[in-house]
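The analysis underlying the following values was restricted to heavy atoms, covering all of them including side chains, and did not include hydrogens, waters or symmetry mates. Numbers here simply count residues along the sequence, with the first being 1.
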Amino acid sequence: MNKQNFSPKQQSNTTKSTQHYARRGIYLSIVTYIIISTTKLIVGYSFNSDAVFADGLNNFTDSFTSIVLLVGMILSQRPADHNHRYGHYKIETLTTLIMSFVILYIGITVTIDSTTALINQEYATPTVINAIVGLSSGFIMSGVFWYNNRLGKRLNSPSLKASAKDNLSDALTSFATALSVVLSRTGIVWLDGAMAIVVGLIIIKSGYDIFKESAFSLSDGFPQEALTTYRDIVEKIPGVQAVSDIRGRNYGANVYIDITILVDPNISVQAGHDITERVEIVLQDTQNVTATDVHVEPFKQ
C-alpha cells in the first residue's frame with residue numbers, strides 16, 4: 001500500500017499565506033538597507049571613515065540581494081507544470097545561493113581594498129558623526145534581525161533565515177564600526193582602516209554560511225535530527241509497529257517526507273489507509289510537514 005497524503009489545494013493556500021508574511025520581512029529589509037546604506041556611503045565618504053563607507057557598501061549590496069530574494073519568492077509561487085510536478089519552490093533556495101556569491105564577491109573586494117589602504121598607511125581621522133551613524137544603524141538592524149529571525153523560524157522560510165543572518169551580521173559590524181571610529185579619534189589612527197578589513201571578513205563569513213546552507217538544501221540534504229524526531233513521533237502513533245525507512249527534502253519553505261511504516265499484516269486495507277491518514281495529520285499538525293508520502297508494509301516478527 002502506498003498513499004500520498006497531500007492536498008494540493010490546501011498546500012497552495014498554506015504556501016500563499018506563508019509567502020505573504022515572508023515578503024513582509026523582505027520588504028522591511030529592502031527599505032531599511034536603502035536608507036542606511038545611502039546614509040553610510042554619504043557620511044563615510046564626506047567625513048573620512050573607510051570603515052563606515054565599507055559598511056555602507058555592504059548594506060548597499062544587501063538591498064540588492066534582498067530584492068533578488070523577493071524576486072525568488074515571487075517566482076517560486078508559479079504553479080506546478082508538466083516539467084515541475086512539485087512546483088517551483090526551489091527557486092527560492094536558488095536565489096539565496098546566487099545571493100551568497102554576490103556577498104562573497106563584495107566581502108573579498110572590501111577586504112582586499114582595505115588591506116591595501118592599511119599597508120600603504122592611507123589613514124584618515126573620522127568625525128563623530130560616523131560613530132553616531134554606525135551606532136544608530138546597529139540598533140535599527142538589530143530590530144530588523146529580531147523580526148526576520150522570528151518570522152523565518154515560524155514560517156520555515158530559507159529566504160527569511162538567510163536575510164536574518166545578514167541582518168545580524170550588519171548589526172554587529174555597525175556596532176563595531178562605531179567603536180572603531182571612537183577609538184581612532186583617541187589616537188589609534190589605523191583602527192578605522194583595520195575595522196574596514198574586519199567588515200570585509202564578516203561579509204565573507206556571512207556569504208559562506210548562506211552558500212553552505214543553500215547548497216545543502218539544493219543537493220537534497222536534510223537534517224538527520226529532524227528525521228529522528230519524525231521517526232519517534234510516527235512510531236508512537238497507534239497501529240504503527242515500526243518505521244523501516246524515512247527520508248526528507250525541502251522545496252523552499254515546504255517539507256516533503258517519504259516514510260515506510262510497518263503494520264500488522266492481518267489488518268484490512270481500510271485500516272491501513274486510516275493509519276496513513278493519522279501519520280499525515282500528526283506530522284502536519286506537530287511538525288508543519290507539507291506533504292507525506294506513506295508506504296505501508298507488513299510487520300514481520
Rounded distance (nearest 0.5 Å) linking atom CG of Leu283 with atom CD1 of Ile257: 7.0 Å

Leu168 and Asn149, any side-chain heavy atoms less than 4.5 Å apart: no

Non-hydrogen atoms of Gly107 and Ile204 that approach each other most closely: C-CG1, 3.5 Å

Sidechain-backbone polar pair: Ser136 side chain, Val133 backbone, donor-acceptor under 3.5 Å: no

Nearest heavy-atom neighbours spanning Ser137 and Gly134: OG-O, 3.0 Å

Side-chain donor or acceptor of Asn130 paired with backbone N/O of Phe47 under 3.5 Å: yes

Separation between NZ of Lys40 and CD1 of Ile42, rounded to the nearest 0.5 Å: 13.5 Å

Val181-Met141 co-clustered via ILVMFWY side chain contacts under 4.5 Å: no

Interatomic distance, Ile202 atom CD1 to Asp55 atom CG [nearest 0.5 angstrom]: 8.5 Å

Ile267 with Ile237, same ILVMFWY side-chain cluster at under 4.5 Å: yes

Thr260 and Glu297: CA distance, side-chain angles, deciding distance, side chain to side chain contact (heavy atoms under 4.5 Å, CB included) verdict: CA-CA 7 Å; Thr260 301; Glu297 294 183 358; 3.8 Å; yes

Residue pair Val282, Val234: steps toward the side chain to side chain contact (heavy atoms under 4.5 Å, CB included) verdict: CA-CA 8 Å; Val282 169; Val234 172; over 6 Å; no

Ring pair (Phe, Tyr, Trp, His ring centres under 6.0 Å) contacts in which one or both residues fall within residues 274-293, not counting sequence neighbours: none

Pairwise distance CD1(Ile34) to CD1(Ile67) - rounded to 0.5 angstrom: 5.5 Å

Shared hydrophobic cluster, Ile140 / Leu151 (ILVMFWY, side-chain heavy atoms < 4.5 Å): yes

Thr228 OG1 to Ile233 CD1 distance, which is reported to the nearest 0.5 Å: 11.0 Å

Atom pair CD1 (Ile108) and CD1 (Ile103), whose distance is rounded to the nearest 0.5 Å: 12.0 Å

Student check: side-chain heavy atoms of Glu277 and Val294 closer than 4.5 Å: no

Exceeds 12 heavy-atom contacts within 6.0 angstrom, atom OH of Tyr208: no

Stepwise side chain to side chain contact (heavy atoms under 4.5 Å, CB included) test for Tyr230 and Ile246: CA-CA 8 Å; Tyr230 299 157; Ile246 182 169; 3.6 Å; yes

Phe60 versus Ser37, closest heavy-atom pair with distance: N-CB, 3.3 Å

Pairs meeting criterion salt bridge (Lys or Arg N to Asp or Glu O under 4.0 Å) with involvement of residues 196-207, two or more places apart: Lys205-Asp209

Nearest non-hydrogen partners of Ser29 and Asn148, listed with the distance: OG-ND2, 2.8 Å

Heavy-atom side-chain proximity of Phe299 to Ser244 below 4.5 angstrom: no

Pairwise side-chain contact, Ser100 with Glu213, heavy-atom cut-off 4.5 Å (strictly under): no

Path from Leu172 to Leu135 over hydrophobic side-chain contacts below 4.5 Å: no

Over 12 foreign heavy atoms within 6.0 Å of CZ, Phe145: yes

Side-chain touch Val255/Phe222, heavy atoms, less than 4.5 angstrom: yes

Minimum heavy-atom distance Asn167-Val144, with the two atoms named: OD1-CG1, 3.5 Å

Cluster overlap Val43 with Ile36, hydrophobic side-chain contacts below 4.5 Å: no

Audit row: Asp293, Tyr256, side chain to side chain contact (heavy atoms under 4.5 Å, CB included) steps and yes/no: CA-CA 8 Å; Asp293 193 5; Tyr256 287 69; over 6 Å; no

Nearest non-hydrogen partners of Ala178 and Ala131, listed with the distance: CB-O, 3.5 Å

